[in-house]
Chemist: 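Let me give you the structure first, and then I'll get to my questions.
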Amino acid sequence: MAYKLDRIYLAPMEGVADAPMRKVLTHYGAWDACTSEFIRVTTEVLPYKTILRDVPEVKENARTAWGCPCRVQLLGDEPEPVAKTAQRAVEVGAQAIDLNFGCPSRFVHHGGSMLLKEPELLHRIVSRVREVLDPSIHLSVKFRIGFADAAELPEIVRALAVDGVDELIMHARTRKDLYKKEALNWPAIGSVLELCNNIPVVANGDILSYETSQECARITGTDRQMVGRALFAIPNIPQVLRGEEQPCSMQHVITVASELGEELQSRNYPEKSVMDRLKQFLGYAQKYNAAWTSFFRIFCRSQSIFEAQQLLEKFSASLDVTSATESDELSAAQAALERIIPAAAVGASPAQQAAAVAAAAPAAAAASAAAAVGTAGAAGDISARELNELCPEGCTGQRAAAAEPQAPAAAPSAADTGAGGRKVTSLERSLIFGL
């Protein structure tokens, strides 16, 4: 029996799914909605400019350039500031608000999944947000199945299943479990459906393929799902989960990655930021598809956008995959690498091989590519910790970075501070992995 999915959502991946990434991902994936990275709300109501900066889609009917609805996600621990910030988001154009009680990072002081230990506070926050918003504004709540144990889930669900909430989005692990594969617990979601006050439930966690999606639907009993980092290996995964398409080819993944690079350059991101984001993209692709591993080891040592472009273009042109099976892709990827690495560079280090591929390109093309690199702006938002996990040892992308492109220096807003007004770094923000 095939289970038909009603909704498939793009997960709010912190440190990954910012506005340019959302634009590109919603071009190739037929998502029913996407969600912004969380905006931290402390004791003060956030200024309008913070919302507009982090979720620019609200200025465009709360949709990406490709028409995908975008929800504004808030993370906070005080009912009134969160509710009033939600109101402000709606005033500048938001049509849907998502409340984050799922973030497991220890750097988020008294917020995210830390609040799962306090069901009464959860209830007060959700109730107050629902109270101040017009009923037409969609309100969803994302959370984990417990703080330390899934036995806590019934009490958590009762606290969050407030009248007027439109969706309950459950990640099938506890906060204690973080992202351990062996801790995945889809049955816990199915066990509490009767406690959800007739609110639709969205299942989240390790939905990686059509087969795992079907198994999740069978076990949880819900026809709504949310997908995170697996999409980098399969950018058309919503269509795949619906049974409409086969997983896209490796050439198609390169097309998506290349479009991300172009989008970042069009926004004047500096070269290092563009490179870090491309390495992040392909790092997740190789994490979920081993066929990318050998190419990624070379790509991760590329030193410039020009080198990266040459590697992507030549690898794509050399791929010959007639079937999308894992063994076929592995063989095709290895054969493609053998074709694009110049004979003189065979046996050289990955960094030397990356440079050799680029050196084979016409000098005029190199000059053109260099001229296209944006010079304005600050570093990107990929942390050293994240690149260290994705990149092989010695990757040139293993450097911490921080701010928005072309953002002048300014005092941190309430959204950017943790307990005691301490600046929350990009390293801390990107510690929230996989949804």
Chemist: Does a side-chain heavy-atom distance below 4.5 Å link Pro270 with Lys272?
Modeler: no
Chemist: Does the pair Phe299 and Lys279 meet the rule for a side-chain contact (heavy atoms from CB on, under 4.5 Å), with working shown?
Modeler: CA-CA 8 Å; Phe299 183 87; Lys279 291 170 184 178; 4.0 Å; yes
Chemist: With Arg277 as the cation and Phe232 as the aromatic partner, state whether NZ or CZ is under 6.0 Å from the six-membered ring centre and within 45° of the axis.
Modeler: no
Chemist: Test side-chain contact (heavy atoms from CB on, under 4.5 Å) on Asp54 and Ser36 and set out the steps.
Modeler: CA-CA 8 Å; Asp54 290 354; Ser36 74; over 6 Å; no
Chemist: Going by the angle between their ring planes, with limits at 30° and 60°, are Trp292 and Phe315 parallel, tilted or perpendicular?
Modeler: tilted
Chemist: Should Glu120 and Arg124 be marked as a salt bridge (Lys or Arg N to Asp or Glu O under 4.0 Å) after you check the CA-CA gap, both sets of side-chain angles, and the distance that decides it?
Modeler: CA-CA 6 Å; Glu120 291 184 4; Arg124 294 206 323 269; 5.5 Å; no
Chemist: Closest heavy-atom contact between Ser140 and Asp98?
Modeler: OG-OD1, 2.6 Å
Chemist: Within a 6.0 Å radius of atom CG on Asn198, are there more than 12 heavy atoms belonging to other residues, nucleotides or ligands?
Modeler: no
Chemist: To the nearest 0.5 angstrom, please state how far the CD1 atom of Ile97 sits from the CG atom of Asp166.
Modeler: 11.5 Å
Chemist: Can you name the nearest heavy-atom pair linking Val253 to Ala233, along with the distance?
Modeler: CG2-O, 3.6 Å
Chemist: Only one of Leu193, Ile169, Val192, Val157 forms a side chain to side chain contact (heavy atoms under 4.5 Å, CB included) with Val201, so which one is it?
Modeler: Leu193
Chemist: Applying side chain to side chain contact (heavy atoms under 4.5 Å, CB included) between Phe143 and each of Ile156, Asn204, Leu99, report the one that passes.
Modeler: Ile156
Chemist: At their closest point, which heavy atom of Ser127 faces which heavy atom of Val162, and how far apart are they?
Modeler: OG-CG2, 3.6 Å
Chemist: Mind checking salt bridge (Lys or Arg N to Asp or Glu O under 4.0 Å) for Arg218 and listing every partner two or more places apart, or none if nothing turns up?
Modeler: Glu215
Chemist: Tell me whether the guanidinium CZ or amine NZ of Arg71 lies under 6.0 angstrom from the six-membered ring centre of Tyr9 and within 45° of its axis.
Modeler: yes
Chemist: Just by modelled atom types, is the Pro69 backbone N or O under 3.5 Å from a matching donor or acceptor in the Gln95 side chain?
Modeler: no
Chemist: Can you tell me if Gln239 uses its side chain to pair, donor with acceptor, with the backbone of Tyr28 under 3.5 Å?
Modeler: yes
Chemist: Which atom names give the shortest non-hydrogen contact between Ala151 and Pro154, and what distance separates them?
Modeler: O-CD, 3.4 Å
Chemist: Please say whether more than 12 non-hydrogen atoms of neighbouring residues, nucleotides or ligands are located less than 6.0 Å from CD in Gln214.
Modeler: yes
Chemist: Is the shortest side-chain heavy-atom distance between Thr255 and His27 below 4.5 Å?
Modeler: no
Chemist: For residues Met170 and Cys196, determine if any side-chain heavy atom of one lies less than 4.5 Å from a side-chain heavy atom of the other.
Modeler: yes
Chemist: Just jot down the salt bridge (Lys or Arg N to Asp or Glu O under 4.0 Å) partners of Arg242, sequence neighbours excluded, or say none.
Modeler: Asp32
Chemist: Please report the closest heavy-atom contact between Leu337 and Ser294, naming both atoms and the distance.
Modeler: CD1-CB, 3.4 Å
Chemist: Side chains of Val227 and Pro238: does their closest heavy-atom pair fall under 4.5 Å?
Modeler: no
Chemist: Measure the shortest side-chain to side-chain distance between Leu312 and Leu282 over non-hydrogen atoms and say whether it is less than 4.5 angstrom.
Modeler: yes
Chemist: Between the side chain of Asn100 and the main-chain N/O of Gly112, is any donor-acceptor distance below 3.5 Å?
Modeler: no
Chemist: Any side-chain heavy atom of His123 within less than 4.5 Å of one from Arg158?
Modeler: no
Chemist: How about Glu194: does its CD atom have over 12 heavy atoms from other parts shown lying under 6.0 Å from it?
Modeler: no
Chemist: CD of Glu155 to CG of Leu195: how many Å apart, nearest 0.5 Å?
Modeler: 11.5 Å
Chemist: Start with the C-alpha gap between Ile234 and Tyr210, add the side-chain angles, then the distance that decides, and say whether side-chain contact (heavy atoms from CB on, under 4.5 Å) holds.
Modeler: CA-CA 11 Å; Ile234 312 175; Tyr210 177 80; over 6 Å; no
Chemist: Stepwise, does the side-chain contact (heavy atoms from CB on, under 4.5 Å) test hold for Val202 with Arg7?
Modeler: CA-CA 8 Å; Val202 182; Arg7 309 280 173 85; over 6 Å; no
Chemist: Within the distance-only criterion (no hydrogens, no angle test), does the side chain of Arg144 pair as donor or acceptor with the backbone N or O of Gly102 below 3.5 angstrom?
Modeler: yes
Chemist: Are the side chains of Glu78 and Thr43 in touch, meaning some heavy atoms are under 4.5 Å apart?
Modeler: yes
Chemist: Do Leu319 and Phe295 have side-chain heavy atoms sitting under 4.5 Å apart?
Modeler: no
Chemist: Atom CG in Leu121, atom CE in Met114: separation rounded to 0.5 Å?
Modeler: 12.0 Å
Chemist: Sub-3.5 Å donor-acceptor pair from the side chain of Glu152 to the main-chain atoms of Lys117, do we have one?
Modeler: no
Chemist: Find the distance between CG (Leu184) and CD1 (Ile145) and round it off to the nearest 0.5 Å.
Modeler: 8.0 Å
Chemist: Keeping the roles fixed (side chain from Asn61, backbone from Arg63), state whether a donor-acceptor pair exists under 3.5 Å.
Modeler: no
Chemist: When you measure from the side chain of Glu263 to the backbone of Met21, do you find a donor-acceptor pair of N or O atoms at a distance under 3.5 Å?
Modeler: no
Chemist: Testing the basics here: between Pro12 and Met226, what is the closest heavy-atom pair and its distance to 0.1 Å?
Modeler: CD-SD, 3.8 Å
Chemist: Is it the case that atom CD in Glu91 sees more than 12 heavy atoms from other parts of the structure closer than 6.0 Å?
Modeler: yes
Chemist: Quick check against the 3.5 Å criterion: does Asp134 have a side-chain atom that pairs as donor or acceptor with the backbone of Ser136?
Modeler: yes
Chemist: Could you state the interatomic distance from CZ (Phe101) to CG (Asp77), rounded to the nearest 0.5 Å?
Modeler: 9.5 Å
Chemist: Ignoring hydrogens and geometry, is there a side-chain-to-backbone donor-acceptor pair from Ser302 to Ile298 under 3.5 Å?
Modeler: no
Chemist: Checking Glu118 now: which residues fulfil salt bridge (Lys or Arg N to Asp or Glu O under 4.0 Å) with it, not counting sequence neighbours?
Modeler: none
Chemist: Nearest 0.5 Å please: distance from the CZ atom of Arg128 over to the CD atom of Glu131.
Modeler: 4.5 Å
Chemist: Is a donor on one side and an acceptor on the other found under 3.5 Å between the side chain of Trp66 and the backbone of Gly29?
Modeler: no
